[in-house]
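Heads up: the structure comes next, in structure tokens.
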Amino acid sequence: MMHETVQTGIQDVWVYLSASPLLHLTLTLVAYQAGMWIYKRAGMNPLLNPVLIAVVALVSILLVTGTSYETYFEGAQFVHFLLGPATVSLAIPLYRQFHRVRKSALAIAISLLTGSIFASASAMAIAWLLGAGTQTIISIGPKSVTAPVAMGISESLGGLPSLTAVLVIATGILGAALGPLVLTAVGVKDWASRGFAMGTTAHGIGTARALQVDEVAGAFSGLAMGLNALATAILLPLAWSLFFQD
Amino acid sequence: MLNYLTLIFLCQLIGEAFVAFVELPVPGPVMGMVLLFAGLSVRRSVPDDLDTVSRALLSNLSLLFVPAGTGIMVHLGLLANDGLAVSAALVVSTVATVAVTGLLMQALTAKRGGNQDDA
């Protein structure tokens, strides 16, 4: 009897909380901080990326509780919204490091174009070789570009924007996790070059990782992210129409 | 503090409006970044409070990608079909792009940097 009342009470509270955006907003913050805690406890091992941990935890919770992504996003949108202002504030590290950027303008232009084309072409070619469907191949093309632009490119070519968003985040997590290890393995020591490679490949998530390590790397990463968004938005639709339509 | 947070929002707002008006394939926030950068270049310094606000936003930058990343749950079915192709493409392409871009950038800047150090 007593037990039943408590259970109904909990259920009422749960129903009430599920309807409010606060629950999923708080859940997002808790999941991320748990991810951060694990990441730091593991000596900042890049393979234990906090975004990855948070996403795995959240998807598990949502699937177990039968919560739809739409319901979740009603709360999480407040965090998602801050992406815009955070992107704007990348102007500050960029301004501080601009004397270095100006010195390497030609190197930046060449590296950017090569990286941008390579990022899209290699991903699409591999997906095609392994038998992925056309819609998946298109959706993976802009995977190295910051999410809002990537989604726009994907849509204009006939891909699935929401799938592209997921592939973009996955690329960001992979880039943040593997990028530093790869750069060290191939002998890229210069902070500007490391940051530029991270931003070209892994957009904002790569930039977040670069900012944690070094301000020069962070500035070059933020710059690369912005430039790659522009380059891919122009080049990918152009290349697609040249090669696959007549 | 509040005034600089407002300034950041304002830059984004103008950026969004500009991009929509000119139909540029650039996201509004990136245009806002360019705008704020231009403002700082004119002013020739970063106000302390603007620095504080931007640090607060950027120190938790990766948190902001969690809501979009959680969207993977909507595509679990599609990824079950193309999962292998997609995973292989993402891993190989990401590793290769980081290496190619980093090596190229380092090779190109090292040459110029070396010349300047010699000069």
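- Of the atoms belonging to B:L50, heavy atoms from both backbone and side chain fall under 4.5 Å from chain A.
- In this structure, chain B has heavy atoms under 4.5 Å from both the backbone and the side chain of A:I108.
- Ranked by heavy-atom pairs shorter than 4.5 Å toward chain A, the options B:S54, B:A96, B:S62 are led by B:S62.
- The distance from atom CG of B:L64 to atom CZ of A:F78, rounded to the nearest 0.5 Å, is 14.5 Å.
- Of the possible polar contacts, one joining the B:H75 side chain to the A:L163 backbone as a donor-acceptor pair under 3.5 Å is found.
- Chosen from A:A224, A:A170, A:G204, A:A165, the residue pairing most often with chain B at heavy-atom distances under 4.5 Å is A:G204.
- The two residues A:L178 and B:V91 have their closest heavy-atom pair at CD1-CG1, 4.4 Å.
- Contact annotation for A:I173: neither backbone nor side-chain heavy atoms come within less than 4.5 Å of a heavy atom of chain B.
- For the set A:L29, A:N49, A:V59, the count of heavy-atom pairs under 4.5 angstrom toward chain B peaks at A:V59.
- For a residue to count as touching a neighbouring chain, one of its non-hydrogen atoms must lie under 4.5 Å from one of that chain's; by this rule B:L79 touches chain A with the side chain only.
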Evaluate the criterion side-chain contact (heavy atoms from CB on, under 4.5 Å) for residue pair B:R44 and A:Y95; output intermediate values, then yes/no. CA-CA 9 Å; B:R44 298 186 147 271; A:Y95 171 76; 4.1 Å; yes
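- Comparing B:V66, B:L63, B:L104, B:T94 by heavy-atom pairs within less than 4.5 Å of chain A, the highest count is held by B:L63.
- When all heavy atoms are compared, the tightest approach of A:V186 to B:A99 is CG1-CB, 4.3 Å.
- At a 4.5 Å heavy-atom cutoff, the contact between A:T28 and chain B is made by backbone and side-chain atoms alike.
- Using a 4.5 Å cut-off on side-chain heavy atoms (C-beta onward), A:S193 and B:T109 make contact.
- Residues A:Y32 and B:F65 place their aromatic rings such that the two centres sit no closer than 6.0 Å.
- The local environment of CG in B:N3 is crowded, with over 12 non-hydrogen atoms from other residues, nucleotides or ligands closer than 6.0 Å.
- With a 4.5 Å cut-off on non-hydrogen atoms, B:L78 touches chain A through its side chain but not through its backbone.
- What you find for A:G226 and B:V30 is that their closest heavy atoms are CA-CG1, 4.2 Å.
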side-chain contact (heavy atoms from CB on, under 4.5 Å) assessment of B:L108 paired with A:S104: CA-CA 8 Å; B:L108 291 170; A:S104 347; over 6 Å; no
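- A donor-acceptor pair under 3.5 Å links the side-chain atoms of B:S93 to the main chain of A:A119, judged by distance alone.
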Given A:L167 and B:L90, is the side-chain contact (heavy atoms from CB on, under 4.5 Å) satisfied, shown in steps? CA-CA 8 Å; A:L167 298 175; B:L90 288 184; 4.0 Å; yes
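- Contact of A:T184 with chain B is not made at all, since no heavy-atom distance falls under 4.5 Å.
- Minimum interatomic distance between A:A197 and B:V98 (heavy atoms only, all atoms of both residues): CB-O, 3.5 Å.
- Using a 4.5 Å cut-off between heavy atoms, A:P237 makes no contact with chain B at all.
- Of the atoms belonging to B:V95, heavy atoms from both backbone and side chain fall under 4.5 Å from chain A.
- How far CG of B:L57 is from OG1 of A:T87: 9.5 Å, rounded to the nearest 0.5 Å.
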Walk me through it: do B:D51 and A:R96 pass the test side-chain contact (heavy atoms from CB on, under 4.5 Å)? CA-CA 11 Å; B:D51 190 54; A:R96 291 225 167 94; 3.2 Å; yes
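- To the nearest 0.5 Å, atom OH of residue A:Y72 and atom CE of residue B:M73 are 10.0 Å apart.
- Proximity to chain B (any heavy atom under 4.5 Å) is restricted, for A:F73, to the side chain, taken from C-beta onward.
- Taken from OG1 in B:T97 to CG in A:L174, the straight-line distance is 11.5 Å, to the nearest 0.5 Å.
- Contact count versus chain B (heavy atoms, under 4.5 Å) is highest, among A:T114, A:L112, A:I137, A:L90, for A:L90.
- Expressed to the nearest 0.5 Å, how far CG of A:L58 lies from OG1 of B:T70 amounts to 4.5 Å.
- Of the atoms belonging to A:A86, heavy atoms from both backbone and side chain fall under 4.5 Å from chain B.
- Residue A:R209: no heavy atom, backbone or side chain, is found under 4.5 Å from chain B.
- Contacts of A:I205 with chain B are made by both backbone and side-chain atoms, with heavy-atom separations under 4.5 Å.
- By number of non-hydrogen pairs under 4.5 angstrom with chain B, the leading residue of A:G172, A:A76, A:S144, A:G35 is A:A76.
- At a 4.5 Å heavy-atom cutoff, the contact between A:V182 and chain B is made by side-chain atoms alone.
- Annotation: maximal heavy-atom pairing with chain A below 4.5 Å, among B:G32, B:S87, B:A68, occurs at B:A68.
- Each of B:G15, B:S45, B:A38 has some count of heavy-atom pairs under 4.5 Å with chain A, and the biggest count is that of B:S45.
- Using a 4.5 Å cut-off between heavy atoms, A:L130 touches chain B through backbone and side chain atoms alike.
- Side-chain contact between B:P67 and A:Q77 is absent, with no heavy-atom pair separated by less than 4.5 Å.
- Residue with the most contacts toward chain B among A:G133, A:S139, A:G115, A:A123: A:A123 (heavy-atom pairs, distance under 4.5 Å).
- Proximity of B:L76 to A:L63: side-chain heavy atoms (C-beta onward) are separated by under 4.5 Å at one or more points.
- When all heavy atoms of B:Q106 and A:D190 are compared, the closest pair comes out as OE1-N, 3.0 Å.
- Annotation: A:Q212, atom CD; neighbour count of heavy atoms from other residues, nucleotides and ligands within 6.0 Å is above 12.
- When every heavy atom of A:S89 is checked against every heavy atom of B:L58, the shortest pair comes out as O-CD1, 3.8 Å.
- Taking CE from B:M33 and CD1 from A:I92, the interatomic distance works out to 11.0 Å, rounded to the nearest 0.5 Å.
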